[in-house]
Amino acid sequence: QKEVEQNSGPLSVPEGAIASLNCTYSDRVSQSFFWYRQYSGKSPELIMSIYSNGDKEDGRFTAQLNKASQYVSLLIRDSQPSDSATYLCAVNYNQGGKLIFGQGTELSVKP
Amino acid sequence: GAVVSQHPSWVICKSGTSVKIECRSLDFQATTMFWYRQFPKQSLMLMATSNEGSKATYEQGVEKDKFLINHASLTLSTLTVTSAHPEDSSFYICSAIHRDGNTIYFGEGSWLTVV
């Protein structure tokens, strides 16, 4: 059973702080990893994709991948109240677009 | 704008009836689409892989006779919930992989309420 695990939260951080979201996955052959943001009642929207070990930065967001530890993380710098949402980690196991999602981490950024 | 569109955005149906949800790729051909279901406060659960011109591949525990998937063209997949019951009420989301092989687009989702 391929699994993707996240802390469900809620994770609460003050405005301007760094929010750290973590994800582990079970299948070592996984190659593609994604972070999605989902607002209540809406479809997920892609924040970051990462394919290689190391860090990938895009604006206030940094994704980190460690394939040896089967670990993916997302850092959000200078968190804003508008970042409050559920963040979903997803793994593409077979490179064909079939994503397995974690349970999501609810983030709350307090003004 | 959206590159994968779902219709309807929300639907209410009576228990025992069937309801069809459409998923369209708007500016690219998608040989493969995916259908997910999401219950409140839960994550997206993959239901099935929709393959153009062939039968869908269902995930374990998903009833293929209840959730009929048809992918008759390269831009359209449909999910029909047959003999719907209140426990089928959920948020149904489709996705499609772009021809670049890497980019995955999600539809806006369809809320189904069975009363």
Side-chain angles (χ1 to χ4, degrees), chain A residues 1-11 21-27 30-52 56 58 63 72 84-108, chain B residues 1-7 9-10 21 23 25 28-52 56-62 71 77 90-113:
Chain A
Q1 179 97 9
K2 299 178 174 63
E3 294 182 346
V4 179
E5 298 286 340
Q6 293 180 253
N7 291 325
S8 59
L11 173 66
L21 305 162
N22 305 313
C23 172
T24 59
Y25 59 95
S26 63
D27 194 326
S30 304
Q31 296 296 321
S32 306
F33 307 87
F34 305 85
W35 282 101
Y36 285 86
R37 177 173 61 196
Q38 187 178 29
Y39 294 109
S40 180
K42 301 294 185 182
S43 190
E45 54 181 311
L46 180 66
I47 298 175
M48 295 278 286
S49 59
I50 186 166
Y51 308 102
S52 304
K56 179 181 178 182
D58 184 1
V72 190
S84 297
T86 296
Y87 288 80
L88 299 165
C89 172
V91 177
N92 187 353
Y93 279 98
N94 63 0
Q95 298 303 102
K98 176 178 172 179
L99 296 179
I100 305 299
F101 283 86
Q103 62 267 51
T105 299
E106 184 181 350
L107 172 66
S108 177
Chain B
V3 295
V4 174
S5 178
Q6 278 185 244
H7 178 81
S9 299
W10 58 270
I21 301 170
C23 178
S25 56
F28 65 97
Q29 293 179 336
T31 56
T32 305
M33 293 183 176
F34 303 89
W35 286 96
Y36 295 84
R37 179 170 56 183
Q38 185 177 36
F39 292 110
K41 298 293 185 181
Q42 295 187 25
S43 189
L44 279 74
M45 296 300 296
L46 180 66
M47 298 176 68
T49 302
S50 174
N51 304 298
E52 188 271 334
T57 305
Y58 290 82
E59 295 299 304
Q60 189 175 6
V62 178
H71 196 152
S77 174
S90 186
F91 190 44
Y92 292 86
I93 309 171
C94 71
S95 71
I97 187 165
H98 193 268
R99 56 179 172 265
D100 67 9
N102 286 320
T103 309
I104 300 167
Y105 294 100
F106 280 85
E108 308 98 323
S110 300
W111 283 100
L112 170 63
T113 300

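As the structure is a prediction and not an experimental result, all values here were calculated from the model. Labels below follow one simple rule: chain letters A, B, ... track the order of the sequence lines, proteins then strands, and each chain is numbered from 1. No hydrogens, no waters, no symmetry mates; every other heavy atom, side chains included, goes into these values.
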message: I'd like to know which of B:S43, B:S95, B:G107 tops the heavy-atom pair count under 4.5 Å against chain A.
response: B:S43

field: Partner set under side-chain hydrogen bond (donor to acceptor under 3.5 Å, both in side chains) for A:W35, not counting sequence neighbours
entry: none

- prompt: Partners of B:F28 by side chain to side chain contact (heavy atoms under 4.5 Å, CB included), sequence neighbours excluded?
  reply: B:V3, B:V4, B:S25, B:A30, B:A96, B:H98, B:R99, B:Y105

message: For B:F91 and B:F39: C-alpha separation, side-chain torsions, deciding distance, then whether ring-ring contact (aromatic ring centres under 6.0 Å, His included) applies.
response: CA-CA 6 Å; B:F91 190 44; B:F39 292 110; over 10 Å; no

field: Aromatic plane relationship, A:F34 with A:Y51 - under 30° parallel, 30 to 60° tilted, over 60° perpendicular
entry: perpendicular

- line: Under 4.5 Å to a heavy atom of chain A? For B:Q6 that would be neither

- request: Please state whether the side chain, the backbone, both or neither of A:Q38 comes within less than 4.5 Å of a heavy atom of chain B.
  value: side chain

message: Need one label for A:L88: side chain, backbone, both or neither, based on atoms under 4.5 Å from any heavy atom in chain B.
response: side chain

- prompt: Side-chain donor-acceptor pair under 3.5 Å between B:W35 and B:S77, yes or no?
  reply: yes

- prompt: Considering only heavy atoms, which portion of B:I104 lies under 4.5 Å from any heavy atom of chain A: side chain, backbone, both, or neither?
  reply: both

- prompt: Considering only heavy atoms, which portion of B:L44 lies under 4.5 Å from any heavy atom of chain A: side chain, backbone, both, or neither?
  reply: both

